[in-house]
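Because only heavy atoms are used, hydrogens play no part in the values below, and waters and symmetry mates are left out as well, while side chains stay in. Here is the naming used below: chain letters follow the sequence lines, and residue numbers restart at 1 for every chain.
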Protein chains: 2
Amino acid sequence: MDRELLKGSTPLLLLSLLCEGPMYGYQIIETVRQRTGGTYTLKEGALYPALHKLEATEFITSYWETQENGRERRYYSLLPAGQAFLAAKKKEWNQFVNMVQAFVEPKA
Amino acid sequence: MDRELLKGSTPLLLLSLLCEGPMYGYQIIETVRQRTGGTYTLKEGALYPALHKLEATEFITSYWETQENGRERRYYSLLPAGQAFLAAKKKEWNQFVNMVQAFVEPKA
DNA sequence: TCAGTGTGCATCGCAAAGCGAGGTCCGTCA
DNA sequence: TGACGGACCTCGCTTTGCGATGCACACTGA
């Protein structure tokens with residue numbers, strides 16, 4: 001899969017996932033890998049910076065949660081502002097897809 | 001429109017356009033601008049490097065054509081290898097769209 | 001006991017691509 | 001003569017994903 005295509009889609013993906021509920025980093029990676037049947041493996045080097053940026057802009061928050069075995073996980077969850085942003089992103093995404101589609105499949 | 005989304009789509013767009021026939025740079029920009037109703041204005045700084053790269057990899061060729069008024073235009077046209085590449089890119093594009101769509105619109 | 005594996009977080013330097021800005025040349029028309 | 005638009009192109013910046021790397025801890029099995 002061409003990496004370049006993914007470039008702008010990571011925030012959309014993350015927000016969409018978090019819209020279903022809070023998740024932690026490793027879980028996000030695993031979820032994406034499983035849902036795509038392995039064709040898309042989100043890398044840590046892409047995930048964490050994106051997550052931190054989303055947090056810095058207050059679209060998501062994070063909190064640490066201790067598991068029964070004593071280990072910690074950092075959960076990320078969607079904020080209201082993030083929901084609004086997600087909605088806008090979705091719209092943009094649809095526009096984008098339709099646009100490219102119009103060039104790829106000219107005429108109807 | 002988020003620039004980042006466009007990142008990987010430029011070659012696909014260019015090849016798709018050239019699949020309809022030879023075009024010159026300025027014409028490509030105008031065509032894209034018009035077809036998208038102005039929402040997407042392909043910039044020269046994005047177009048020419050992409051075009052040159054496509055030419056370097058022998059997916060397209062270029063030739064100069066002199067107009068009646070004496071001015072020159074550089075036309076780009078699709079090569080067979082470019083057609084094959086386009087087909088592959090289209091496939092990849094569809095895969096990509098379906099993947100993201102699955103996250104954006106979970107469940108059916 | 002201790003190495004290996006899996007979980008889980010994170011950063012760093014690199015490469016690629018679009019962008020904004022700038023630059024050049026030339027024909028046309030006022 | 002000078003402004004405008006067509007037409008080509010490059011350069012440096014920023015952003016982003018990637019690969020590599022690092023750290024820390026729990027569990028398992030030799």
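A salt bridge links B:R74 to B:E55: one of the charged nitrogens lies within less than 4.0 Å of a carboxylate oxygen. Contact check on A:R35 versus A:E30 returns no salt bridge, with no Lys/Arg side-chain nitrogen under 4.0 Å from an Asp/Glu carboxylate oxygen.
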Which parts of nucleotides 19-30 of chain C does protein reach within less than 4.0 Å, heavy atoms only, written one letter per nucleotide 5' to 3' as B for base, S for sugar-phosphate only and - for none?
BB----BBS---
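Here D:dC8 presents its C1' atom at 14 Å from CD of B:E30, a figure rounded to the nearest Å. Distance CG (B:L47) to P (D:dC8): 9 Å, rounded to an integer number of Å. Distance, B:Y26 OH to D:dC4 P: 14 Å, rounded to whole Å. Atom CZ of B:R73 is separated from atom P of D:dC9 by 14 Å (rounded to the nearest Å). Rounded to whole Å, the distance from OH on A:Y48 to C1' on D:dG19 is 16 Å. One atom, CG of B:L12, and another, P of C:dA17, lie 14 Å apart when rounded to the nearest Å. Taking atom NE2 of B:H52 as the reference point, atom C1' of C:dG18 lies 15 Å away to the nearest angstrom. If you take NZ of A:K53 and P of D:dT15, they are 7 Å apart, rounded to a whole angstrom.
Contact detail for A:E4 and B:K7: the closest heavy-atom pair is O-CB, 3.6 Å. Taking each heavy atom of B:P22 and B:Q27 in turn, the nearest pair found is O-OE1, 4.4 Å. In terms of heavy atoms, A:Y76 sits closest to A:I60 at CD2-CD1, 3.8 Å. The nearest pair of heavy atoms linking A:E58 to A:L79 is O-CD1, 3.3 Å.
With 3.5 Å as the limit, one finds no donor-acceptor pair spanning the side chains of B:T41 and B:R33.
In this structure, A:Y75 and A:K7 both approach DNA chain C, and ranking their closest nucleotides by distance from the 5' end singles out A:Y75.
If you check C:dG18, C:dG8, D:dC8 against the side chain of A:Y24, the one that comes closest is C:dG8.
At least one side-chain nitrogen or oxygen of A:Q67 sits closer than 4.0 Å to the OP1 or OP2 atom of C:dG8. A close approach under 4.0 Å does occur between a side-chain nitrogen or oxygen of B:T10 and OP1 or OP2 of C:dG18.
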